[in-house]
2 protein chains.
Amino acid sequence: MASGSRSGGRVRLKDVADRAGVSMKTVSNVVHDYEFVSPRMRERVQTAIDELGYRPNLTARRLATGKTSMIALALPVVDQPYYAEIARYIGEEAERRGYRIIVEQTLNDVEAERAVIRDREEGLVDGVIFHPVRIGTLEIARLRPETPIVLLGEAARPLTTDHVMIDNAQAARDGVELLLAEKRTRIAFLADVRGDITESTQLRLLGYQEALLAAGIRPDPELVLQSDGFTIEDGVAAIAAAIERGLHFDAVLCRDDTFAMAALRALRVAGRSVPEEVSVLGWDDTVLAHSSTPALSAISPDKLAIATTALDLLEDRMKGYGGTGRHRLAPYSVIERGTTAVLQR
Amino acid sequence: MASGSRSGGRVRLKDVADRAGVSMKTVSNVVHDYEFVSPRMRERVQTAIDELGYRPNLTARRLATGKTSMIALALPVVDQPYYAEIARYIGEEAERRGYRIIVEQTLNDVEAERAVIRDREEGLVDGVIFHPVRIGTLEIARLRPETPIVLLGEAARPLTTDHVMIDNAQAARDGVELLLAEKRTRIAFLADVRGDITESTQLRLLGYQEALLAAGIRPDPELVLQSDGFTIEDGVAAIAAAIERGLHFDAVLCRDDTFAMAALRALRVAGRSVPEEVSVLGWDDTVLAHSSTPALSAISPDKLAIATTALDLLEDRMKGYGGTGRHRLAPYSVIERGTTAVLQR
DNA sequence: ACGCTAATCTATAGCGCTGTAAATGTCAAC
DNA sequence: GTTGACATTTACAGCGCTATAGATTAGCGT
């Protein structure tokens, strides 16, 4: 057996170099399509590569270059439709740009979220895209991570960190205006969730209120439904309780699609027709919106835009941009499907 | 400045060793909680680690050990509820076992699936969990990958490769039996999808047929609905067409939850009540099943069991097990919610 | 105090690749 | 035929860590 070759292991760059009778660097140059390699040499090396079935060891390359071409995506959980869809677009877009995605689920756990910020992934990834829900602006600013990072969502917006979200208040205003245009005047908000420390609900509620005031309607606190949690059961209970106590409403603006599904169910049980008697407007425009009957009208954040914008910002940082935090608003639209229509009297 | 230290970069093992005045290996021992380190030494080193804020470079560790502690999860797409939920459980379980997950979306692309099998991830991950839908048994057997791999789903079951699925035919029989027990006799199957090359539908259809025959009912080919695709619109069209042509049926066994949503919608539009007139049984028990109104009864694969079983098999392989392919059946159940009930006449 | 075993620590050679610096080739222009 | 000016190729020192083998120290019985 030739010295230097190995029986068990994989084929290394060195093996190819020996086979082709050239230096390792030349093989490396061929692998990387380096400009100044003569056609003959390129072919000779390529033949050796093919014959040996060589494939570069990415870990070694990473150690040598310091670049991992991997990005961590930290989300509360990947099977909630909104996050699943964000993950899908970020995954697709990252692939297109030559990055791999490592998914990290923080599972609503404060420590897990802190771990993300504390560079848990350091040396593992070139950057991280993080959608926090439990830790806020101050804490992130304090734990300021060394790894390039882009934040998603409304939970935290440190001045020092890049950030992508949609204009929640404006979207809520647009939603309410749609409902108003349908002659709806008693618009409920589903829901103010007890213990919700994120700003999402607050911003949406703010826009809801502003739109009402702008239309000359005084917001009725009774119409802001309270919920014990984020599940569909919580939402159903909130609407059912409202109906039970005789609350009059002809539309429901929901803080997410799950609550919209809850509204649909509770209204069905109560015998109120959607959209004839009550309009329901969802938020997030997930698979739930497409699957329900009637299909759900909803505020639809442009998830692809969120993904590409986050990646744009992150790539800047990874290339060395060191400025203060940039704040990007991604577009959204209000999609009308089957749960909104002009009020029938 | 002390020689050997560096200003710009991160703190390395060597820096800690110098600071504590010990060898690199001792620091490494402390980091890894090696048994034979004296308490005094351990403390001295730990102090240096803390003072310098040292964190190991995972890439370097990987190169040295050859272990990446990463697993690739290759799925068609991560935002379809079934895959999203599988990803969630595999992610959680992998985290528990000390692995990170790299997500790869094959997006229904044959080449992308081949790339997974061709060790696209080699040297990047210790193993891969792969749910193919476009390439079959033979091709996987032929491209036999070197990286440990576990297959999910019914598309491919090479003898040489480990594999996890549920007993589709039996689950279909169980589902039909539930419907039969509800006095349903005209059970439609939604749907035979044109161009579907996976075995999933075939196995489910087989179980459907077997259960019917076992009950003394001759399967009516008319009841096996045809669909042009897997979307909800395709499903709605299939059911609507059936109703249109006067097909009589009092139950629908669906090959996935999306088709069940389609059935719910088409039946609603046609004015048929669910479950009074028509029972609908979904398959996968995803978030769609929990969110619909009425809540969907469904065949419910034990996704956590699928995840843990897949990881068990994969860990075996990663530890060197080299036997022939093992075939594991994960449990499932038939969950009764609001879309199935005894037929009302 | 000595020998022996076990505990503890050190020195250093890789892991497989890339980047730098230097060596060698090539070719047109003089 | 020499000289530059590039084009092309090579040699090898790291990247930061782990693992092996060996050195040193400690503990204990005699």
Side-chain angles (χ1 to χ4, degrees), chain A residues 3-6 8-46 48-49 52-70 119 121-126, chain B residues 3-6 8-46 48-49 52-70 119 122-124 126:
Chain A
S3 84
S5 83
R6 303 174 328 158
R10 295 183 50 194
V11 177
R12 298 155 308 162
L13 190 59
K14 182 77 168 59
D15 301 323
V16 177
D18 290 350
R19 168 78 158 234
V22 300
S23 75
M24 287 170 61
K25 182 68 214 210
T26 295
V27 178
S28 174
N29 284 156
V30 170
V31 168
H32 288 285
D33 269 326
Y34 178 63
E35 182 181 4
F36 299 118
V37 176
S38 64
R40 279 180 47 210
M41 180 62 91
R42 193 180 298 279
E43 192 189 322
R44 174 144 65 107
V45 171
Q46 188 58 54
I49 288 176
L52 263 29
Y54 169 74
R55 254 161 331 180
N57 177 318
L58 299 184
T59 301
R61 181 180 291 170
R62 273 163 200 179
L63 182 57
T65 59
K67 295 277 126 211
T68 67
S69 68
M70 296 208 288
D119 290 327
E121 314 292 348
E122 182 158 355
L124 218 193
V125 297
D126 296 336
Chain B
S3 86
S5 84
R6 304 172 330 154
R10 295 183 51 195
V11 178
R12 299 154 308 162
L13 190 59
K14 182 77 168 59
D15 301 323
V16 177
D18 290 349
R19 169 76 159 235
V22 300
S23 75
M24 285 170 62
K25 181 70 219 222
T26 296
V27 178
S28 174
N29 285 156
V30 170
V31 168
H32 289 284
D33 270 326
Y34 177 63
E35 184 181 5
F36 299 117
V37 176
S38 65
R40 280 180 46 209
M41 180 61 91
R42 193 180 297 279
E43 192 189 320
R44 175 147 64 110
V45 171
Q46 189 58 54
I49 288 176
L52 263 29
Y54 169 74
R55 254 162 329 180
N57 178 318
L58 298 185
T59 301
R61 180 180 292 172
R62 274 162 199 179
L63 183 56
T65 60
K67 295 275 126 213
T68 67
S69 68
M70 296 207 288
D119 291 327
E122 181 158 354
L124 217 193
D126 296 335

Practice item. Using modelled atom types only, decide if a donor and an acceptor are shared between the side chain of A:Thr65 and the backbone of A:Arg61 within a distance under 3.5 Å. Key: yes
Review point. When the distance from CG of A:Asp18 to C1' of C:dG16 is rounded to whole Å, what number comes out?
Key: 13 Å
Practice item. Work out which heavy atom in A:Ala60 is nearest to a heavy atom in B:Leu63; give both atom names and the distance. Key: CB-CD1, 3.7 Å
Practice item. Spell out protein contact along nucleotides 17-25 of chain C as letters: B when the base is contacted, S when just the sugar-phosphate is, - when no protein heavy atom is under 4.0 Å; keep the 5' to 3' order. Key: BBBB-----
Exercise for review: Can you tell me the distance, in whole Å, between the NZ atom of B:Lys67 and the C1' atom of D:dA19?
Suggested key: 15 Å
Review point. Do the non-hydrogen side-chain atoms of B:Thr68 and B:Leu124 ever get within less than 4.5 Å of each other?
Key: no
Exercise for review: For the helix from C:dA1-D:dT30 to C:dC30-D:dG1, measure the angle between the helix axis at one end and the axis at the other, each built from five pairs, rounding to 10°.
Suggested key: 40°
Review point. At what distance, to the nearest 0.5 angstrom, does CD1 of B:Ile49 lie from CG of B:Leu13?
Key: 8.0 Å
Point to revise | Atom pair CG (B:Asp33) and CZ (B:Arg42), whose distance is rounded to the nearest 0.5 Å | key: 5.5 Å
Practice item. Can you tell me the distance, in whole Å, between the CG atom of A:Leu63 and the P atom of C:dG16? Key: 12 Å
Review point. With a 4.0 Å cut-off, would you call A:Arg19 and A:Asp15 a salt bridge?
Key: no
Return the polar atom pairs (N/O with N/O) between nucleotides 6-9 of chain D and the protein under 3.5 Å, or none.
| residue | atom | partner | partner atom | Å |
| --- | --- | --- | --- | --- |
| D:dT9 | OP1 | A:Ser38 | OG | 2.8 |
| D:dT9 | OP2 | A:Ser38 | N | 3.1 |

Check your understanding: What are the two closest heavy atoms between A:Tyr54 and A:Arg12, and how far apart are they?
Key -> CE1-C, 3.5 Å
Review point. Does any N or O in the side chain of A:Arg10 come within less than 3.5 Å of the main-chain N or O of A:Arg55, such that one atom is a donor and the other an acceptor?
Key: yes
Practice item. Specify the closest pair of heavy atoms between A:Pro56 and A:Val31, including all atoms of both residues, with the distance to one decimal. Key: CG-CG1, 4.3 Å
Review point. Is the backbone of B:Thr59 close enough, under 3.5 Å, to the side chain of A:Thr59 for a donor and an acceptor to pair up by distance?
Key: no
